[in-house]
Amino acid sequence: MADTKREIERKYEAAAGNELPDLTRVGGVSAVVDKGLAQLDATYYDTVDQRLAGASLTLRRRTGGADAGWHLKLPVSEGVRDEIHAPLSDTVPGYLSSLVRSRVRDAELVPLVRLRSARDIRHLVDAEGALLAEVSLDRVRAERLSGGAGATEWTEIEVELADDGDPAFLDKVDKALRKAGVSRSSSPSKLARALEETGAPAARTTARDDEPPVTAGDHVLAYVRVQRDAIVDLDPAVRRDVFDSVHSMRVATRRLRSTFRSFAKVLDRDVTDPIADDLKWLAGELGVDRDREVLTEHLTTALSELPRTLVSGPVQGRLKTWSNERRGGARNRLITVLDGDRYLRLLNALDALVADPPLLKAAAKDPAKVIAKAVRKDFGKVADLVGQALDLPPGHDRDVAMHEARKKTKRTRYAAEAAAPALGKPAESLVKAMKSLQTVLGDHQDTVMARETLRELSATAYAAKENSFTFGVLYGREEQRAAAAEAALPELWRSVQGQVRI
């Protein structure tokens with residue numbers, strides 16, 4: 001079974017003489033404890049074209065030291081990685097393979113580099129003997145196993161913060177090392193350095209991706225690439241059930257679908273429509289459990305805010321039972337989706353679209369005209385739907401109209417996001433305006449869903465001969481929230497119209 005730890009570390013070029021500088025005077029350090037020498041032998045795995053290295057991921061099998069086994073390192077931020085451990089085995093553990101599937105796809109993982117290190121370890125401890133950081137002097141020999149040839153050697157210093165340590169402590173160590181003439185390493189990892197020094201650097205972003213957007217097609221594709229990358233990057237987090245990862249991936253799928261629709265004059269819908277269908281399917285699978293989670297949180301909060309005199313019967317238990325009805329199998333179902341062929345085909349289709357985009361004639365034109373026209377068209381649809389909603393009396397038809405307006409508001413917001421690099425402040429202002437409108441329309445839709453659920457819960461409680469009074473109270477409060485959102489809409493809409501300058 002795999003376990004995860006947050007790794008916060010810094011790497012340095014070794015000082016002259018390949019010795020560790022004196023760190024006894026670092027603030028907070030009471031002693032520097034010699035922990036001896038460890039012999040580490042690690043084989044790094046990747047695809048032949050180095051897809052993991054290109055994304056700053058490392059997968060290795062290591063023996064020696066206190067944490068022998070398989071290690072997968074996922075970047076979090078500069079100097080910060082999540083390290084996932086699995087026990088030693090002859091082949092890559094299935095769980096770790098799944099976490100890199102969005103990168104590797106159908107390619108084979110092969111041994112890429114072998115690193116053998118003699119690690120001289122010191123522990124920096126405080127007055128109580130608690131570990132502050134581990135400092136090591138690593139004498140490394142790297143040997144290329146595939147995709148290149150040769151070997152290289154170097155010595156480096158690695159400083160790793162203790163679990164739950166204060167990252168500011170690394171600044172104190174950094175100051176002491178720099179004072180001793182030690183400089184930060186130019187390579188982010190041992191693997192990156194090994195690849196560079198054995199003649200074949202890690203894969204890098206293509207020049208095309210680095211070029212600033214010029215045409216309307218350039219701007220639209222830049223936005224598409226960001227959302228494609230978000231889906232791929234979020235895949236391991238979704239599999240690990242990281243907070244908000246499912247929601248974030250779902251938003252990326254929606255942004256892509258909206259982009260294909262909004263900029264149909266730029267990207268050929270004969271190509272994008274099948275991809276959009278798969279994106280809609282993926283969003284639906286991601287939302288199997290998400291919508292119920294959000295609604296459960298809302299209703300639980302609403303219930304907690306009621307005076308005790310208004311709570312009758314096993315309301316909390318009934319709500320918990322409803323929430324858990326489908327939760328058990330939802331996560332397993334989602335993992336099956338991510339392991340499935342349809343999802344893999346979708347990722348490949350997105351890659352193919354970015355690599356060879358189905359550009360139409362308008363793609364080569366001035367973005368200020370083409371993109372602005374598309375955004376104005378989307379905003380016009382929002383205006384029509386909001387107008388319809390305001391003309392309708394409270395009730396089902398208005399609820400439906402406000403929901404449709406909310407969906408088109410999201411689409412316009414995403415179009416404005418894509419337009420912002422080309423159109424500047426007018427697009428940025430529209431993004432803000434659409435966010436505020438989306439909030440009010442979203443709050444209203446939440447009350448629609450909450451009221452439907454409360455009717456269902458009330459009926460179930462009544463059939464079980466339970467007191468359903470509290471569900472009625474909650475329903476009334478949701479009606480008040482809906483009325484407040486509807487009352488706020490006219491003034492908000494006038495404000496939004498006044499902000500639009502595209």
Side-chain angles (χ1 to χ4, degrees), residues 1-9 40-77 80-115 145 160 163 189-191 229-250 252 282 285-286 288-290 327-348:
M1 182 168 180
D3 60 272
T4 304
K5 64 169 290 187
R6 177 64 54 88
E7 177 186 83
I8 303 176
E9 65 178 20
L40 310 178
D41 190 342
T43 299
Y44 288 77
Y45 286 72
D46 204 339
T47 60
V48 172
D49 55 356
Q50 298 176 38
R51 298 177 191 179
L52 299 185
S56 299
L57 277 69
T58 60
L59 174 64
R60 73 187 179 199
R61 181 186 187 275
R62 190 169 78 180
T63 58
D67 61 346
W70 286 89
H71 307 150
L72 173 63
K73 298 190 178 187
L74 305 171
V76 177
S77 59
V80 182
R81 294 185 289 184
D82 280 341
E83 184 174 277
I84 304 170
H85 294 192
L88 276 175
S89 61
D90 293 335
T91 58
V92 181
Y95 177 63
L96 298 189
S97 295
S98 72
L99 292 178
V100 299
R101 187 172 188 254
S102 66
R103 299 285 181 186
V104 174
R105 313 288 170 84
D106 287 327
E108 182 183 3
L109 287 168
V110 298
L112 187 66
V113 169
R114 184 181 183 185
L115 293 179
L145 301 178
E160 182 176 348
D163 293 346
S189 68
K190 288 183 175 66
L191 176 61
D229 292 348
I231 293 174
V232 173
D233 291 345
L234 284 163
D235 179 288
V238 170
R239 292 174 185 271
R240 294 166 56 210
D241 202 19
V242 174
F243 174 74
D244 205 43
S245 58
V246 171
H247 171 66
S248 296
M249 183 186 278
R250 196 179 183 194
L282 178 58
E285 295 293 346
L286 291 166
V288 166
D289 203 39
R290 170 67 183 175
R327 182 170 178 80
R331 175 149 185 80
N332 290 337
R333 171 177 172 147
L334 179 55
I335 297 302
T336 300
V337 165
L338 298 182
D339 286 339
D341 291 338
R342 184 174 182 179
Y343 174 65
L344 201 62
R345 288 195 300 269
L346 170 59
L347 297 182
N348 289 336

query: Which residue pairs satisfy the side-chain hydrogen bond (donor to acceptor under 3.5 Å, both in side chains) criterion with at least one member in residues 55-66, sequence neighbours excluded?
result: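 Only Y44-R60, R60-H71, R62-D67 qualify under side-chain hydrogen bond (donor to acceptor under 3.5 Å, both in side chains).
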
Lys/Arg N to Asp/Glu carboxylate O, [X] vs [Y], below 4.0 Å:
X	Y	answer
D235	R101	no
R51	D49	yes
R342	E285	no
R81	E7	yes

- prompt: Is there a side-chain contact between L286 and L334 (heavy atoms, below 4.5 Å)?
  reply: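 Side chain of L286 against side chain of L334, heavy atoms only: contact under 4.5 Å found.
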
pair L57-L74: side-chain heavy atoms closer than 4.5 Å: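 In contact.
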
Minimum heavy-atom distance [X]-[Y], with the two atoms named:
X	Y	answer
S102	V232	OG-O, 3.0 Å
P93	A86	CG-CB, 3.8 Å
I84	Y95	CG2-CE2, 4.1 Å
S98	D339	CB-OD1, 4.3 Å
L99	P236	O-CG, 3.2 Å
L191	L115	N-CD1, 4.3 Å

What's the separation between atom [atom1] in [X] and atom [atom2] in [Y], rounded to the nearest 0.5 Å?
X	Y	atom1	atom2	value
L52	D46	CG	CG	4.0 Å
R240	L234	CZ	CG	11.5 Å
L346	D341	CG	CG	12.5 Å
R239	L338	CZ	CG	4.5 Å
K190	L40	NZ	CG	8.5 Å
K5	K73	NZ	NZ	8.5 Å

Partner residues of Y45 under the side-chain hydrogen bond (donor to acceptor under 3.5 Å, both in side chains) criterion, sequence neighbours left out: none

